[in-house]
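Encoded as structure tokens, the structure appears first; notes follow it.
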Number of protein chains: 2
Amino acid sequence: MKKPTIKDVAKKANLGMGTISRVLNNTGYVSKKTRKRVMKAIEELNYSPDPTARGLVSGTTNMISIVVPMVRTEFYDRMLNAIDEIVSEKSYDTVIFPLLSKKRLERFSDSNAFLYRTDGIVMASMPVHKLFKDGIIPTDRNVVLVDMYSERYDCAYVENVDIGEEAAEVLLKHTDNLKVLTFIEPNNIFTTNVFSKRLNGFINKVKDSGISFNEDEVYHTEINLHSAFNNSIKILKQTKDFPVGIFTTCDLFGYGLTVAAKNLNLEVGKDVFIIGVDDQIWSKDIGLTTLKQPVEEMSQFAAEILLNKINKTEGYQEIVRKKFESVLIKRDSA
Amino acid sequence: MKKPTIKDVAKKANLGMGTISRVLNNTGYVSKKTRKRVMKAIEELNYSPDPTARGLVSGTTNMISIVVPMVRTEFYDRMLNAIDEIVSEKSYDTVIFPLLSKKRLERFSDSNAFLYRTDGIVMASMPVHKLFKDGIIPTDRNVVLVDMYSERYDCAYVENVDIGEEAAEVLLKHTDNLKVLTFIEPNNIFTTNVFSKRLNGFINKVKDSGISFNEDEVYHTEINLHSAFNNSIKILKQTKDFPVGIFTTCDLFGYGLTVAAKNLNLEVGKDVFIIGVDDQIWSKDIGLTTLKQPVEEMSQFAAEILLNKINKTEGYQEIVRKKFESVLIKRDSA
DNA sequence: CTGTTAGCGCGTTCAT
DNA sequence: ATGAACGCGCTAACAG
């Protein structure tokens, strides 16, 4: 019971292999009648073409690789869904490569890694210049970056410095008494420093506005709610004057702060102003004002330019770069 | 600048293709000297073999597919890491297929989907009997299930009914006044009903112990902290007698309940006893007693039997099934 | 020990 | 409009 091949179909339909291939790929001429015969044979044998063989001869796989740093956040979940939606319309399949470890990165440095055998690659939040030798992704396939700026590659990104600046603007409308709750990224090749960019943008904007800002007002937390809660309690207890405006560099921290404020009987939106980043699905429920990164739009845009490039016939192609703006979602907290 | 092929290497080293192939695959005899020559040529040309061509002829890819329902939980993140760790030792690569949608499921029903072109498939938390026609995964490749029991396939799983029972046991040591906070799974082909299994196990155990249990004592929540928190407040407010013991069918809900209790000035571990499931990374920090599913052990076991099967030469192989026991992690909350 | 050759399953000429 | 033959890059089998 071996799997049927195109040869079996040809034999069954009393036709040449070429003809079968032609109806399979909708290429060249083939009469209506024989097409029907082919379809019937395919049906009967329950045949479907072998993608490996196809890949070998045509060089294409009808698949798109998506490389993500990890797979446990809403951000990347949204991204994967958005990309899959776009490419599946053109009957491309997605396959996910989480960059789990340094060992995996090494494997990804081989241009024959499976990752690069697909028709196109989406790299999300990857500091390509740090990860790959000479900053070059070892492939001749089409590549597009999401959530990352690059000089060399097509990319769809948001400027995290801008996010920090916008956060400052929002809070400054309420008070000059400002603090920040953020995460300190480890200094390794994997990080894209989104948190420190947001922080820097915030500080710059505040200082530009002529307000003094002491680095002591930046508090640290780990990326989990419990740590965010604990450190929020600390911030609030150390706060002498209210109201206070606090920029939490992601919504999760904003959540911790919201709960902490409630615990200390402080009113969010009056005693404590909070702005977060990301607009998580639950952010609405807790009335958190936030800067939403347009993940879906960004991802879909990236997917589209990737498909374009794949289907464009050879030749020079300009690098496409698109900066996406975060959107202020105004709710009760600020 | 085409990529070098094995032919180029052969030419460069003045050898036959066969010899190159032999050193590449460590098969057959090849003298030390020529091996060196080959290595040198490979180095100089920066050659690496084309996995597609390899796959076509040998039928193997050195890759393992992992199918997961989604990719945004710690549970699956842990699983992926655990599996990757095992298989990468044998220089297999992992590729992830999240079952994002019904459309994707359809694609997965084609035995030539890329998913099935790898050397082995790990399916996580997949109700195979509901997802595939006749309950058969359309492939002749080796398959093993994780976090799911099956009559037909090798599997490594935990019995979620047991988890509910154990939770009941723990809480009953503190009080007979019991409640549950859980999620109601939608009734579709994707769900594995872990939550209702845990609930049923709990209820059965309680009733077996001669304690009456009213279905009204089961409260529902969505799978996010905010909903868990809100519904926890509701539970606690509707509770007349303390202490109360509450089984939260996952740690996330336990977290919401912990925060809610604090909010209402109830002491966890005295007024309110809580037991959760999963032992998330932050569960320790909030002192949550929990039943840890041995994700890593389970996943690694599955990976190992998969590798075994792959490398075993043909012939009858018994189905391997291993049930893993959850581990009680005792902390302050119960 | 090493070279040669026949396919793996398919797409793509090139005849017809 | 269709069939035959070649080759994609590689491994396996067989000669030598």
Side-chain angles (χ1 to χ4, degrees), chain A residues 2-39 41-42 45-63 110-114 116-117 119 140-141 313, chain B residues 2-39 41-42 45-63 110-114 116-117 119 140-141 313:
Chain A
K2 271 194 62 209
K3 278 203 187 152
T5 74
I6 201 170
K7 217 171 183 170
D8 301 321
V9 180
K11 209 176 291 171
K12 180 124 198 163
N14 256 315
L15 289 164
M17 297 169 43
T19 309
I20 315 297
S21 177
R22 256 158 279 172
V23 345
L24 245 32
N25 300 288
N26 269 318
T27 146
Y29 294 96
V30 45
S31 82
K32 270 224 155 104
K33 237 179 26 200
T34 49
R35 157 166 270 117
K36 264 219 172 107
R37 246 166 71 214
V38 173
M39 297 306 262
I42 288 179
L45 291 174
N46 192 18
Y47 164 83
S48 69
D50 180 338
T52 311
R54 257 188 176 169
L56 183 58
V57 46
S58 72
T60 71
T61 57
N62 265 289
M63 292 197 296
D110 177 353
S111 67
N112 274 326
F114 179 74
Y116 305 117
R117 311 301 306 187
D119 297 348
D140 49 2
R141 296 294 206 272
T313 39
Chain B
K2 272 194 64 209
K3 276 203 188 151
T5 75
I6 201 170
K7 217 171 182 172
D8 300 323
V9 179
K11 209 176 294 171
K12 180 126 197 162
N14 257 316
L15 289 163
M17 298 168 43
T19 309
I20 315 298
S21 178
R22 256 159 288 183
V23 346
L24 245 30
N25 299 289
N26 269 319
T27 145
Y29 296 94
V30 43
S31 81
K32 269 223 153 102
K33 235 178 31 197
T34 50
R35 160 166 267 115
K36 265 224 170 104
R37 245 166 73 212
V38 174
M39 297 305 261
I42 288 179
L45 291 174
N46 191 19
Y47 164 82
S48 71
D50 180 339
T52 311
R54 254 187 180 170
L56 184 58
V57 44
S58 71
T60 71
T61 56
N62 265 290
M63 291 196 296
D110 177 352
S111 67
N112 273 326
F114 180 75
Y116 305 118
R117 311 303 304 189
D119 298 347
D140 49 0
R141 297 296 208 272
T313 41

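Because the structure is a prediction, the values reported are computed rather than measured.
Y116(A) OH to D110(A) CG: the interatomic distance, rounded to the nearest 0.5 Å, is 8.5 Å.
In this structure, CD1 of I20(A) is placed 12 Å from C1' of dC10(C), rounded to the nearest angstrom. Protein atom CG of N14(A) is 11 Å distant from nucleotide atom P of dA4(D), rounded to whole Å. For I6(A) and dA4(D), the CD1 to C1' distance is 14 Å, given to the nearest whole Å. Remark: C1' of dC8(C) and CG of D50(B) are 13 Å apart, rounded to the nearest angstrom. Between the C1' atom of dT11(D) and the CG atom of N62(B) lies a distance of 14 Å, rounded to the nearest Å. Atom CZ of R22(A) and atom P of dG11(C) are 11 Å apart (whole Å). Put simply, NZ on K7(A) is 14 Å from P on dC6(D), counting in whole angstrom units. Rounded to a whole Å, the CG atom of N26(A) is 14 Å from the P atom of dA1(D).
Between the R22(B) side chain and the G28(B) main chain, no donor and acceptor come within less than 3.5 Å of each other. Side-chain atoms of R54(B) never come within 3.5 Å of backbone atoms of D50(B) as a donor-acceptor pair (strictly under, hydrogens ignored).
Listed pair R54(A) / dG11(C) meets the phosphate criterion, a side-chain N or O lying under 4.0 Å from OP1 or OP2. Contact check, S31(A) against dA1(D): no side-chain N or O comes under 4.0 Å of OP1 or OP2. When the side-chain nitrogen and oxygen atoms of Y29(B) are compared with OP1 and OP2 of dG3(C), none of them lie within a distance under 4.0 Å. At least one side-chain nitrogen or oxygen of S21(B) sits closer than 4.0 Å to the OP1 or OP2 atom of dT11(D).
Between G16(B) and L56(B), the residue whose closest nucleotide on DNA chain C is further toward the 5' end is G16(B).
Using a 4.0 Å heavy-atom cutoff across all strands shown, D8(B) reaches no nucleic acid atom at all. Residue contacts for L15(B): at a heavy-atom cut-off of 4.0 Å it reaches the sugar-phosphate backbone alone, with no base atom in range. When heavy atoms are screened at a 4.0 angstrom cut-off, V30(A) is found touching the sugar-phosphate backbone but no base atom. Here T34(B) lies in heavy-atom contact (under 4.0 Å) with sugar-phosphate atoms only. Within the nucleic acid shown, N112(B) has no heavy atom closer than 4.0 Å to any nucleic acid atom.
Nearest nucleotide to the T19(A) side chain, out of dT11(D), dG3(D), dA13(D): dG3(D). Among the nucleotides dG11(C), dG9(D), dA4(D), the one closest to the side chain of N25(A) is dG11(C).
For the pair K11(A)/T5(A), no side-chain contact is recorded, criterion being any heavy-atom separation below 4.5 Å from C-beta on. Using a 4.5 Å heavy-atom threshold, the side chains of T61(A) and T52(B) count as separate.
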